[in-house]
Amino acid sequence: MRLQKYMAKCGVASRRKSEEIISKGLVKVNGKIVSELGTKIDPDRDTVMVDGKIIKLESRKQYIMLNKPIGYVTTLKDEKDRKIVTDLIEGVRERIYPVGRLDIDTTGLLILTNDGEITFKLTHPSNQVPKRYIATVEGTPTRYELERFESGLIIDGKKTSKANVKILRRYEDESILDIIICEGRNRQVKKMCERINHPVKKLKRISIGEIELGGLQLGNWRYLNDEEIKYLKSL
Ligand code: URA
């Protein structure tokens with residue numbers, strides 16, 4: 001890329017103005033002053049300094065939702081060499097990462113982004129963004145057990161905050177529950193269900209705040225739309 005174009009893309013100044021800055025000898029490439037116009041640089045390898053400050057291309061913010069399948073981990077590297085969720089996302093140049101986590105055997109909504117502010121807003125405990133899950137559990141919880149679930153249970157020595165739970169369907173030996181929690185502790189839904197003696201057999205996340213998985217197929221991903229991005233920024 002021509003140096004003046006690179007400078008313009010980095011937001012230093014217009015191309016014309018950048019040419020002037022180069023001619024004045026204010027630009028260094030890899031530590032050496034370059035005053036010749038038309039010099040080419042490699043944005044991935046060369047270090048460009050303008051008036052003593054390194055300039056960089058701002059990477060575009062990307063916001064993606066994935067319907068995570070079983071068998072994928074939500075970390076970016078795995079010591080055990082298991083599959084990672086970003087393997088499922090092709091064609092995105094920016095380095096995106098999952099917001100929060102889902103267990104390897106949990107399916108459903110996962111947001112991925114390279115926007116650190118959104119990650120912070122969604123995961124910070126003070127924000128209490130509601131997350132909704134559909135859980136298949138062993139047996140059928142009694143009304144008393146559901147009340148305990150909703151009013152708070154001690155897990156890992158700390159009481160959970162208020163939650164919502166509804167029985168969607170009852171079968172002979174299992175039930176489908178609709179669960180909303182506003183925290184994001186490690187394996188929280190599983191631990192809460194375990195605590196009321198109805199261990200989780202299957203777990204799927206269907207929404208995070210106003211962001212809904214909808215009809216996105218398992219293993220597929222899509223970019224969030226403007227309205228969804230606006231919502232995340234408003235948190
Ligand atoms: N709660 C869990 O127990 N597991 C998940 O993956 C998400 C929430």
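Whatever order the structure lists ligands and atoms in, that order sets their numbers, starting from 1. Start at 1 with the first residue, then count along the sequence.
The ring-ring contact (aromatic ring centres under 6.0 Å, His included) analysis of residues 172-221, with sequence neighbours excluded, yields the pairs Trp221-Tyr223.
The immediate protein surroundings of ligand 1, defined as residues with any heavy atom under 4.0 Å of it, consist of Leu102, Asp103, Thr106, Tyr133, Arg187, Gln188, Val189, Lys190, Leu203.
Each of Val189 and Ile134 belongs to its own hydrophobic cluster when Ile, Leu, Val, Met, Phe, Trp and Tyr are linked at side-chain heavy-atom distances under 4.5 angstrom.
Residues satisfying the side-chain hydrogen bond (donor to acceptor under 3.5 Å, both in side chains) criterion with Asn197, sequence neighbours excluded, are absent altogether. Every residue meeting the side-chain hydrogen bond (donor to acceptor under 3.5 Å, both in side chains) condition with Thr140, not counting sequence neighbours, appears here in chain and number order: Ser175.
Side chains of Gln188 and Glu183: a donor-acceptor N/O pair is present below 3.5 angstrom, by distance only. With no hydrogens or angles considered, no side-chain donor-acceptor pair links Tyr97 and Asn114 at under 3.5 Å.
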